2 protein chains.
Amino acid sequence: MLQAGTEIDTSEALTERQQAVLDAALRLLVEEGDNLTMTAVARRASCSKETLYKWFGDRDGLLTATVQWQASKVRVVPVDGKGLDLASLTVSLERFASDWLKVISSDTSIALNRVAVGHAGSGKDDLGAIVLENGRFALAKRLKPVLEAGRQAGFLDFSDAETAFRTFFGLVARDVQIRLLLGDRLELTDAAIGGDAVRATQQFLALYGAKTGPQGP
Amino acid sequence: MLQAGTEIDTSEALTERQQAVLDAALRLLVEEGDNLTMTAVARRASCSKETLYKWFGDRDGLLTATVQWQASKVRVVPVDGKGLDLASLTVSLERFASDWLKVISSDTSIALNRVAVGHAGSGKDDLGAIVLENGRFALAKRLKPVLEAGRQAGFLDFSDAETAFRTFFGLVARDVQIRLLLGDRLELTDAAIGGDAVRATQQFLALYGAKTGPQGP
DNA sequence: ACAGAACCGTAACGTACGGTACGCGGACTC
DNA sequence: GAGTCCGCGTACCGTACGTTACGGTTCTGT
């Protein structure tokens, strides 16, 4: 599916200064999109181009480092499936949905996805794979245990966790991400996100909720 | 939401030759992505660069013309909501789902969406708006009458057609489009598309099917 | 048949930008 | 305080590509 080796190792030992430079690059990426120049990054980060090249090799290297740097910042806490009841499962799902909507509607996510999509055509770098690995696939890895726990506890009924996850994903994201990526103004207030999260969760439970309760026949 | 004036007028009176040139540009766009050069287009189309510039103004003009040209090619037949029963509604939805999956997984759609997404950041042109208008919004315009007819006939139950449509959209597309755009290899066989279409339709009917039949209490 | 336009092929120009080289100042070592 | 290293600022180079210009060829209307 995805070639191996796209996982991020945060042990890359980035110095303070390098992180600052990457942050500057990230801000510039959000503002300028893919047409940011090395000179602009150097100026914004108050460093020399030579340093940029020494540290990151070339432009693509800088871009990948920036994307990985942002990815490494959004590490999240795993959830525990202990002592699960329907209410806590529901809030878990709602929380996942709300978090995900917040992420994909954030400026940095949009910018990052834009450049990754743009680069995905010409196989020069693996930006697309990196974004995918830290976005959609990371979400699946975090959510699936919750789904499994829900099934174990008898609240959910599905045969394939992957399919169930993708349905949940679709119910949450719908057309939001593609519209945002394509430049549609689509202001998502916190209230709207919250509403969508509970709607998606309710729909998901309606589709995959076990007909029989946890102590069913 | 989207600024006005993004609708496509096919009455742009493109000559045979111009269409051929745009077809060449389109093929090149699919192969090369956004880094296609004017020289390459001229060579592929066996025309001179001067002609390119005379006809389309500049590079962005050529790109927009190409996108509009492709968009104009996928005009579809409207459906009639007459004599509706549950079976025909179901096949209609399945057909929409299957068609949509075929579209978003096609090479040209992926390439077009890629360049449009890439250009969406820097507001130089309206590629994103054009793609959106002829993709997601065109789909909504075609599908909503079907949904309304289904409600009228008593098979569907929803308060807002827009919300219902977006749910259907999410159930059908799920993570397919973003994964493809980001370069994930994701071969969609015709069989898989067909299966997804019926699954999405069933799920949609489970969520929005009227509890009471057409002759309900 | 002939004038004129439309168009092809290619050469040329300008520029933006990726990448490199060099000089300088500050920090740290001994 | 001399030597060394790191990094900033800047000037510079090479190239790719958008855009324009021009001579030759084909099409079109009369």
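Note that the structure is a prediction, hence the values are computed from the model and not measured. Each chain gets a letter, A, B and so on, in the order the sequences are listed, and its residues count up from 1.
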### Neighbour count >12 (heavy atoms, 6.0 Å) for atom CG, B:N35
yes
### Residue mapping more 5' on DNA chain C - nearest nucleotide basis, A:Y53 or B:S48
B:S48
### Query
Hey, is the main chain of B:F158 close enough, under 3.5 Å, to the side chain of B:R151 for a donor-acceptor pair?
yes
### Message
So B:R43, base contact, sugar-phosphate only, or nothing? Heavy-atom distance under 4.0 Å.
### Response
nothing
#### Entry: Outermost nucleotides of DNA chain C that come under 4.0 Å of a non-hydrogen atom of chain A
C:dC17 to C:dC22
### Message
If you take any heavy atom closer than 4.0 Å to DNA chain C, which residues from residues 33-41 of chain B end up in contact?
### Response
none
### Task
Verify whether one side chain among B:Q203 and A:Y208 offers a donor that lies under 3.5 Å from an acceptor in the other.
yes
### Task
Answer yes or no: is there an ion pair linking A:K102 with A:D190, defined by an N-O contact shorter than 4.0 Å?
no
### Message
Distance under 4.0 Å to a non-hydrogen atom of chain B counts as contact; along DNA chain D, which nucleotides mark the start and end?
### Response
D:dC17 to D:dC22
### Message
If you count heavy atoms of other groups shown closer than 6.0 angstrom to NZ of B:K124, is the number above 12?
### Response
no
### Message
As a test of understanding, state which of A:F204, A:W100, A:F96 forms a ring pair (Phe, Tyr, Trp, His ring centres under 6.0 Å) with A:F168.
### Response
A:F204
### Query
Have A:H119 and A:D126 got a donor and an acceptor in their side chains that come within less than 3.5 Å?
no
#### Entry: A:S105 backbone acceptor or donor facing A:S109 side chain under 3.5 Å
no
### Query
Is there a donor-acceptor pair closer than 3.5 Å between any side-chain N or O of A:T51 and the backbone N or O of A:C47?
no
